[in-house]
Each structure stands twice: as C-alpha cells, then as structure tokens.
**Q** 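Questions regarding the structure given below will be posed in turn.
Chain naming here is simple, since letters A, B, ... match the order of the sequence lines and numbering starts at 1 in each.
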Number of protein chains: 2
Amino acid sequence: MPNPETRQFIERMGLAVERMGLTRTFGRLFGLLMVADRPLSLDEIVERLDVSKASVSTNARACEELGLARRVGVRGDRRDYYEIAPRAFESVTAKRVGAIHAMAGLAAEGLQAVGDEPSPARDRLTEMLDFYLFMGEQIEELLERWREVKG
Amino acid sequence: MPNPETRQFIERMGLAVERMGLTRTFGRLFGLLMVADRPLSLDEIVERLDVSKASVSTNARACEELGLARRVGVRGDRRDYYEIAPRAFESVTAKRVGAIHAMAGLAAEGLQAVGDEPSPARDRLTEMLDFYLFMGEQIEELLERWREVKG
DNA sequence: TAGAACGTTTAGTCAATACTGAACGCTTTT
DNA sequence: AAAAGCGTTCAGTATTGACTAAACGTTCTA
C-alpha cells in the first residue's frame with residue numbers, strides 16, 4: 001500500500017488542507033485514512049507518517065472532533081483504531097455553513113453599528129447580510145439534497 | 001465614526017477572518033473598509049488601525065489581490081485610496097469554489113493511486129469525488145442565481 | 001503485584017511568519 | 001534644485017503554534 005502514487009496523494013492532501021488553514025500533518029493524516037484499506041492504529045499511523053505519537057494522538061482526536069474520522073475497536077485488541085467517518089464530507093461542509101452564518105451575524109452587528117441613515121457602509125453591510133443569508137440557506141439545501149441522493 | 005460599536009465590529013471581523021486562516025490585521029482592514037463611509041488612504045488606515053504603514057500597504061494590496069478591495073483615486077490627490085470592491089463576497093466565494101474543484105481533482109488522483117479493485121478506500125474516494133463535483137457545480141449555480149437577482 | 005502496553009498530557013524546542021522601522025525610489029511642490 | 005509626500009521593499013524582531021520527547025495515568029497481562 002505504500003506505493004508512490006499513494007504517498008503523493010497523502011502529501012498533496014497535506015498541502016491542500018494546509019492551504020485551508022489547518023496543518024499539513026493533519027491533512028496527511030486525513031489523506032492516509034482516506035486511502036487506507038482498513039482502520040489504522042496510532043502506531044501504524046506513526047510509522048506511515050513518520051511523526052511523533054503525541055502529534056498523531058492530538059491530530060487524530062482533532063480529526064474525530066471535526067467529524068472527519070472516528071475511533072473504532074478491533075476485537076481482541078485494546079488499541080484505538082481510526083478510520084474515515086461516514087458522511088465525513090457532509091459534516092465538514094456543514095461546519096462551513098456555520099462559518100457562513102457567523103458572517104451573516106457579523107453583518108447584522110455591523111448594521112447596528114453604522115446606524116440607520118443611508119450610507120455606502122450600510123449598503124455594503126446589507127449586501128453582505130443578504131449574500132450570506134442566501135448562501136447559508138441554499139448550501140444547507142444542497143446538503144439536504146445530497147443526503148437524499150446518497151444517504 | 002470611531003464609535004465603540006464600529007470598533008467592536010472591526011475587531012470581530014479580525015477574529016473571524018483570522019479563524020479562516022488569514023491574519024487578524026487583514027481582517028481588521030477589511031472590517032474597517034466595510035464600515036467606512038468613504039475610501040480611505042493608507043495613512044488614515046494606519047491611524048484607525050494603529051499598525052505600521054508597511055503592514056497596511058502589504059495587507060491592502062493583498063486585499064486588492066483577493067478581489068475584496070480596490071484602489072481608487074481622488075481628484076486633486078495623489079494618494080492611494082482603498083474601498084471595498086463591488087461583488088467582493090461573490091469573488092471571494094468564487095475562490096472557494098476553486099478549492100472545491102481542487103478537492104475533486106485530488107479525489108480523482110486518489111482513485112488512480114488505489115487501483116481498480118473494489119475496496120473501502122475506493123468507495124471513500126468515489127464518494128469524495130462525487131460530493132465535491134456536486135458541490136462545486138451547485139455552488140457555481142448559486143452564484144449565478146445571486147448575480148441574476150442582485151447584479 | 002510487578003511490569004508491559006497504550007494513549008494522553010506537558011514542558012520545551014524550533015520553524016514559520018506577520019509586523020515594525022528604516023531606507024529607497026519616484027513624483028510633486030516650492 | 002532641493003525638499004517634502006507617498007508607497008514599497010527589506011532586514012530584523014517577536015510572536016505564534018505545531019511538533020517532539022519524556023513523564024504520567026490507566027488498563028491489561030504474566
């Protein structure tokens with residue numbers, strides 16, 4: 001399984017995730033789990049990624065927190081195993097929708113701040129509010145549709 | 001205009017933008033431009049944000065690069081003035097769609113890497129590919145619809 | 001009950017990077 | 001032609017934060 005193409009995929013996932021504001025190691029972990037043909041233990045991840053166990057432990061738990069991975073048990077084994085969570089992409093996208101709502105909330109606060117008189121600032125904030133309300137609502141509907149088709 | 005609510009808005013925008021992987025100063029600059037009632041010069045921004053002119057210069061240009069702000073001229077004045085660009089939110093969201101396409105591309109590479117035989121990895125990568133193709137396409141349509149309504 | 005196996009926590013290190021102050025180049029003014 | 005105004009660049013600084021190694025607590029095993 002450690003063929004060159006797979007390694008490259010893991011590495012590119014690391015870079016892609018890093019570009020999104022998370023860390024490269026986190027992205028590599030996610031990439032590794034994506035191409036793994038079975039759940040992996042912490043030590044297996046340590047070996048495949050060549051990072052410390054402490055880092056893997058932290059990142060794996062963060063991955064779980066985000067809904068990207070989940071911990072699974074293996075019969076007759078007391079180690080923790082990790083695998084990609086079902087609906088991982090939906091759940092991470094749902095988190096993004098949360099950020100969109102936050103932007104809408106910020107826009108609303110901005111409108112409070114600039115007062116009632118018409119102004120360019122007011123127009124911009126109104127546009128921001130409308131845009132993020134629209135996007136948040138619509139993307140939620142997209143997720144809904146996706147779940148209907150694939151869920 | 002430097003009332004407490006406005007200051008708070010700027011500060012929260014700084015934090016929100018920072019959480020998205022950019023810098024706090026960048027977010028504050030964007031927030032300031034959002035609530036400004038006219039284009040601002042570098043020195044005005046320096047004063048309002050209390051950061052060095054070098055930093056403002058760099059961040060303002062980055063803001064322009066991202067399509068969030070634009071430089072405007074003021075008659076009889078040779079300074080640069082900045083204001084929020086029209087369709088700023090559309091353009092930043094369009095950039096996000098680019099990231100979604102990149103994820104789809106990565107999924108395709110992953111499928112190459114894991115080979116043709118059925119496997120959990122293959123299933124996951126296929127789901128990832130389908131999901132991001134769907135989302136990329138649909139969000140582009142959302143932007144289209146938004147432009148029709150507001151553009 | 002001692003010891004091994006696991007995962008987590010924490011103190012410390014190191015690298016990345018955003019910001020500052022100063023120098024620079026260009027333009028305008030006097 | 002000198003000086004002031006303006007934006008940019010660059011070297012240096014400081015802060016942030018991810019990672020490592022070691023200690024720790026807990027659970028299982030011999």
Side-chain angles (χ1 to χ4, degrees), chain A residues 10-11 13-33 36 38-66 68-83 85, chain B residues 10-11 13-33 36 38-66 68-83 85:
Chain A
I10 292 172
E11 212 49 44
M13 182 66 80
L15 291 170
V17 167
E18 188 179 31
R19 219 169 296 137
M20 295 176 183
L22 303 176
T23 72
R24 194 176 301 191
T25 303
F26 184 94
R28 285 196 266 234
L29 168 58
F30 177 72
L32 171 59
L33 293 179
R38 59 177 177 77
L40 299 178
S41 72
L42 283 187
D43 282 321
E44 286 172 321
I45 298 170
V46 164
E47 192 182 356
R48 293 287 303 270
L49 254 38
D50 203 28
V51 291
S52 74
K53 194 168 187 172
S55 180
V56 171
S57 172
T58 303
N59 279 301
R61 228 148 0 98
C63 223
E64 195 182 13
E65 205 78 20
L66 269 176
L68 288 175
R70 67 174 177 185
R71 215 182 291 227
V72 296
V74 169
R75 151 184 182 139
D77 192 331
R78 66 190 176 95
R79 282 175 291 184
D80 291 343
Y81 285 80
Y82 286 91
E83 69 177 8
Chain B
I10 292 172
E11 212 49 44
M13 183 64 82
L15 291 170
V17 168
E18 188 179 32
R19 220 170 294 136
M20 296 177 182
L22 302 177
T23 72
R24 194 177 300 191
T25 303
F26 184 94
R28 285 197 266 235
L29 169 57
F30 177 72
L32 171 60
L33 293 179
R38 58 177 177 76
L40 300 177
S41 72
L42 283 187
D43 281 320
E44 286 172 321
I45 298 171
V46 164
E47 192 182 356
R48 293 287 302 270
L49 255 36
D50 203 29
V51 290
S52 72
K53 193 168 188 172
S55 179
V56 171
S57 173
T58 303
N59 279 301
R61 228 145 4 95
C63 222
E64 194 183 14
E65 205 78 21
L66 270 176
L68 288 174
R70 69 175 177 183
R71 214 181 292 226
V72 296
V74 169
R75 144 180 187 142
D77 193 332
R78 66 193 176 92
R79 283 176 290 183
D80 291 344
Y81 285 80
Y82 285 90
E83 69 178 7

**Q** Using the test side-chain hydrogen bond (donor to acceptor under 3.5 Å, both in side chains), find all partners of T58(A) that sit at least two apart in sequence or belong to another chain.
**A** none
**Q** Taking CG from D77(B) and P from dG5(D), how many angstroms apart are they, rounded to a whole number?
**A** 13 Å
**Q** Rounded to whole angstrom units, what separation is found between the CZ atom of R79(B) and the P atom of dA4(D)?
**A**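 Checked: the CZ to P distance equals 17 Å.
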**Q** Return the value, rounded to whole Å, for the distance between atom CD of E18(B) and atom P of dA18(C).
**A**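 For the pair E18(B) CD and dA18(C) P, the rounded distance is 11 Å.
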**Q** Of all residues at least two apart in sequence or in a different chain, which pass the side chain to side chain contact (heavy atoms under 4.5 Å, CB included) check with D50(B)?
**A** none
**Q** In Å, rounded to the nearest 0.5 Å, how long is the span from CG of N59(A) to OG1 of T23(A)?
**A** 5.0 Å
**Q** Once side-chain hydrogen bond (donor to acceptor under 3.5 Å, both in side chains) is applied, do any residues pair with S52(B), and if so which ones, sequence neighbours excluded?
**A** none
**Q** Any non-hydrogen side-chain atom of F26(B) less than 4.5 Å from a side-chain atom of L66(B)?
**A** yes
**Q** So, taking the atom named CG in L68(A) and the one named CG in L29(A), what distance separates them when rounded to the nearest 0.5 Å?
**A**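 Atom-to-atom, L68(A):CG and L29(A):CG are 9.5 Å apart.
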**Q** Output the rounded distance in Å from CG (L49(A)) to C1' (dA18(D)).
**A**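 The answer, rounded to whole Å, is 14 Å.
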**Q** What is the distance from atom CG of L42(B) to atom CZ of R79(B), rounded to the nearest 0.5 Å?
**A**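 The distance works out to 9.5 Å.
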**Q** dA18(C) P sits how many Å from L29(B) CG, rounded?
**A**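 Between P of dA18(C) and CG of L29(B): 14 Å.
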**Q** Report yes if a side-chain nitrogen or oxygen of R61(A) is closer than 4.0 Å to either non-bridging phosphate oxygen (OP1 or OP2) of dT9(C); otherwise report no.
**A** yes
**Q** Give the rounded distance in Å between these two atoms: CZ of R28(A) and P of dA18(D).
**A** 14 Å
**Q** Which pairs count as salt bridge (charged side-chain N to carboxylate O under 4.0 Å, His left out) when at least one residue sits in residues 13-32 of chain A, sequence neighbours excluded?
**A**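 Every salt bridge (charged side-chain N to carboxylate O under 4.0 Å, His left out) pair that includes a residue of residues 13-32 of chain A, provided the two are not neighbours, is E11(A)-R28(A), E18(A)-R24(A).
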**Q** For nucleotides 20-22 of chain C, which of its nitrogen or oxygen atoms have a protein nitrogen or oxygen under 3.5 Å away, and what is each distance?
**A**
from: dT20(C); atom 1: OP1; to: S52(B); atom 2: N; distance (Å): 3.4
from: dT20(C); atom 1: OP2; to: S52(B); atom 2: N; distance (Å): 2.7
from: dT20(C); atom 1: OP2; to: S52(B); atom 2: OG; distance (Å): 2.6

**Q** Among residues 69-76 of chain B, which residues get a heavy atom nearer than 4.0 Å to DNA chain D?
**A**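 Going residue by residue through residues 69-76 of chain B, the ones with a heavy atom under 4.0 Å of DNA chain D turn out to be R71(B).
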**Q** Sort me out a list of protein N/O and nucleotides 28-30 of chain D N/O pairs below 3.5 Å, or just none if empty.
**A**
none

**Q** S57(A) has a side chain; which of dC6(D), dA18(C), dG7(C) sits nearest to it?
**A** dG7(C)
**Q** How many Å lie between CZ on R24(B) and C1' on dA14(D), as a whole number?
**A** 15 Å
**Q** Could you list the residues that satisfy side chain to side chain contact (heavy atoms under 4.5 Å, CB included) with E64(B), not counting sequence neighbours?
**A**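 Counting only residues at least two positions away or on another chain, E64(B) forms a side chain to side chain contact (heavy atoms under 4.5 Å, CB included) with R61(B), R71(B), Y82(B).
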**Q** Go through the structure and list residues passing side-chain hydrogen bond (donor to acceptor under 3.5 Å, both in side chains) with R70(A), not counting sequence neighbours.
**A** E83(A)
**Q** Could you state the CZ-C1' distance from F26(A) to dA18(D), rounded to the nearest angstrom?
**A** 13 Å
**Q** By side-chain hydrogen bond (donor to acceptor under 3.5 Å, both in side chains), which residues pair with R38(A), not counting sequence neighbours?
**A**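 Applying side-chain hydrogen bond (donor to acceptor under 3.5 Å, both in side chains) to R38(A) gives E44(A).
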